[in-house]
Amino acid sequence: MAAWPNPALPLLLVAALLAFEDWLSTPSCSGGPPRHGPGDLRAMMVADLMLLGSDATYADRLFRDHVMYKFFANSIQTLKPDMIVVLGDISAKGSELTERRWISVIEQFEGILGHHSSLPLLTVLGDKDVGNCANLEGKFVHRRAKHLPGLDSCGCGAFEISNVSFVSLNVVALLCGNNDLRFGVEKFMERESHHFQSLNEAECYPLGCEKREGSTDISWRRNSMDSGSGPVILLHFPLHRFDAEVTGVPTSSEAIVSDHSSVFSSSKQRGIYDRLHTLPANSTQYILQALKPRIIFNAHTGSFSDFLHADGTREVTVPAMTWKTRGVPGFVITTFDTKGTVTLSCCLLAKEWHVIMGYLAFLCLTALAVKLSHQLE
């Protein structure tokens, strides 16, 4: 077996590879990362990971998972978030998986996070995790939700971290007709609305609490809270956006439904939903009026968006953290400071073909360096 012509060459190549991977996996954040002061809470918001679990190919396990691990490790080390939020679609086809294969998806994500999996994790269920209205039912959702931290049997959760309140909603259920799952989500929102309206009298609940006691006889139309005084809302689908956000007229009149049960009642309405990729108009009003969100984070579209509703509610759409969708993969880093201000920055990562070309270029340069080293001996 031939020896290396220069004993220092292997060490130099390894050092060059590590430096290359560090450079390649460093996120590019708009405006730089938000400032992080003492007592502030910083969250890394990711979405649409589209993991395959036990169905992952060798290319997924040996290449994509490795690169994604580098992305997460470098981003967390650079930006130092206090928690991670996954805004749905952690799985590419979770609605088709058995419970055992669903667990393998979660284990794959934990492997990608590595030792950073010890960070507090908040999750949202997406349509690829639980399916659409045709096969969505409570027992199936519960079998998915029970393996994710803090979600109840309807796929919703309420959390308190560093005096910041988070509410995770299973909005996939709000697209469906009259069923117990949708009613369970609405009941959860009413309970949370009651909690925040009587916050001064309510006791403090610890991190991970799934339910809060309180009357469910609260109507969202009678909510006396100020806009922006409620919790941080975590969704998978974006809210409906009204025309000019002034008159209250939906952008598409066909998207208005008199009751949630009429959503998906015809193939025409189903086509409208597929084009808009948003919640119906009255589901949007329900969430805004019942919870008076401090800020809303959602996903599903695959690209970044920062939108302000007419009532002043800020809605941020997080880009997909995957190469399986169009667009540049990325995430949002958000800081909740002690004064109540929310600052954020969208961070983008390298495209897959950039990574592949980078590794090929490194291999070519390595081969060239070895060849030149032999010639100089």
Side-chain angles (χ1 to χ4, degrees), residues 10-30 32-34 36 42-87 89-92 104-121 123 299 302-304 318-334 344-367 369:
L11 296 177
L12 291 175
L13 291 175
V14 169
L17 176 61
L18 294 176
F20 165 74
E21 287 189 329
D22 181 72
W23 170 78
L24 195 66
S25 60
T26 300
S28 174
C29 299
S30 59
H36 192 184
R42 174 169 288 185
M44 181 179 181
M45 308 276 184
V46 302
D48 304 302
L49 295 163
M50 309 274 190
L51 302 179
L52 293 170
S54 58
D55 294 338
T57 64
Y58 284 111
D60 290 320
R61 296 180 182 277
L62 300 179
F63 173 65
R64 294 187 180 92
D65 283 7
H66 170 74
V67 176
M68 196 59 65
Y69 168 82
K70 290 290 185 181
F71 280 158
F72 270 99
N74 208 353
S75 299
I76 293 173
Q77 183 176 356
T78 302
L79 301 171
K80 295 179 173 53
D82 303 302
M83 59 183 291
I84 297 174
V85 177
V86 182
L87 295 165
D89 284 356
I90 190 174
S91 171
S104 74
V105 170
I106 298 172
E107 291 173 341
Q108 183 184 6
F109 180 52
E110 290 174 346
I112 290 173
L113 288 179
H115 68 276
H116 297 298
S117 61
S118 61
L119 286 173
L121 177 66
T123 55
S303 57
F304 174 75
V318 175
M321 186 78 161
T322 182
W323 289 322
K324 294 183 174 71
T325 61
R326 290 178 296 177
V328 181
F331 58 92
V332 169
I333 192 78
T334 307
L344 58 87
S345 179
C346 179
C347 300
L348 301 179
L349 304 169
K351 293 183 178 181
E352 185 174 29
W353 73 271
H354 287 165
V355 176
I356 294 174
M357 292 303 295
Y359 276 110
L360 289 176
F362 179 81
L363 290 175
C364 291
L365 291 174
T366 299

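Residues: numbered from 1 along the sequence shown. FYI, side chains are in, hydrogens and waters are out, and symmetry mates aren't considered; it's all heavy atoms of this structure.
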Subject >> Sole residue of Ser345, Cys346, Ser75, Pro81 in side-chain contact (heavy atoms from CB on, under 4.5 Å) with Phe331 >> reply: Ser75
Subject >> Qualifying residues under side-chain hydrogen bond (donor to acceptor under 3.5 Å, both in side chains), relative to Thr57, sequence neighbours excluded >> reply: Asp60
Subject >> Side-chain touch Thr123/Phe109, heavy atoms, less than 4.5 angstrom >> reply: no
Original post:
Looking at CG of Asp48 and CG of Leu51, how far apart are the two atoms once the value is rounded to the nearest 0.5 Å?
Top reply: 11.0 Å
Original post:
Val332 versus Pro319: any side-chain heavy-atom pair under 4.5 Å?
Top reply: yes
Original post:
Any side-chain heavy-atom pair from Ile76 and Ile84 closer than 4.5 angstrom?
Top reply: yes
Original post:
Once you round to the nearest 0.5 Å, how far does CD1 of Ile112 lie from CD of Glu107?
Top reply: 12.5 Å
Original post:
So do the side chains of Pro329 and Trp323 get within less than 4.5 Å of each other, counting heavy atoms only?
Top reply: yes
Original post:
When you look at Leu119 and Met83, which way does the side chain to side chain contact (heavy atoms under 4.5 Å, CB included) test go after all the steps?
Top reply: CA-CA 5 Å; Leu119 286 173; Met83 59 183 291; 5.8 Å; no
Original post:
Can you name the side-chain hydrogen bond (donor to acceptor under 3.5 Å, both in side chains) partners of Asp82, sequence neighbours left out?
Top reply: His36
Subject >> Distance, nearest 0.5 Å, that separates CG of Leu121 from CD1 of Ile106 >> reply: 9.5 Å
**OP:** Could you pull out all residues at least two apart from Thr322 that satisfy side-chain hydrogen bond (donor to acceptor under 3.5 Å, both in side chains)?
**Re:** none
Original post:
OG/Ser303 to CG/Leu348 distance, rounded to the nearest 0.5 angstrom?
Top reply: 10.5 Å
Original post:
At their closest point, which heavy atom of Gln108 faces which heavy atom of Asp65, and how far apart are they?
Top reply: NE2-OD2, 3.0 Å
**OP:** State, yes or no, whether a side-chain contact exists between Cys347 and Leu79 at a heavy-atom distance under 4.5 Å.
**Re:** yes
Original post:
How long is the gap from NZ on Lys70 to CD on Gln77, to the nearest 0.5 Å?
Top reply: 10.0 Å
Original post:
Val318 and Val85: side chain to side chain contact (heavy atoms under 4.5 Å, CB included), yes or no, with the steps?
Top reply: CA-CA 11 Å; Val318 175; Val85 177; over 6 Å; no
**OP:** Work out which heavy atom in Ala299 is nearest to a heavy atom in Ala47; give both atom names and the distance.
**Re:** CB-CB, 3.3 Å
Original post:
Is there a side-chain contact between Val86 and Met321 (heavy atoms, below 4.5 Å)?
Top reply: no
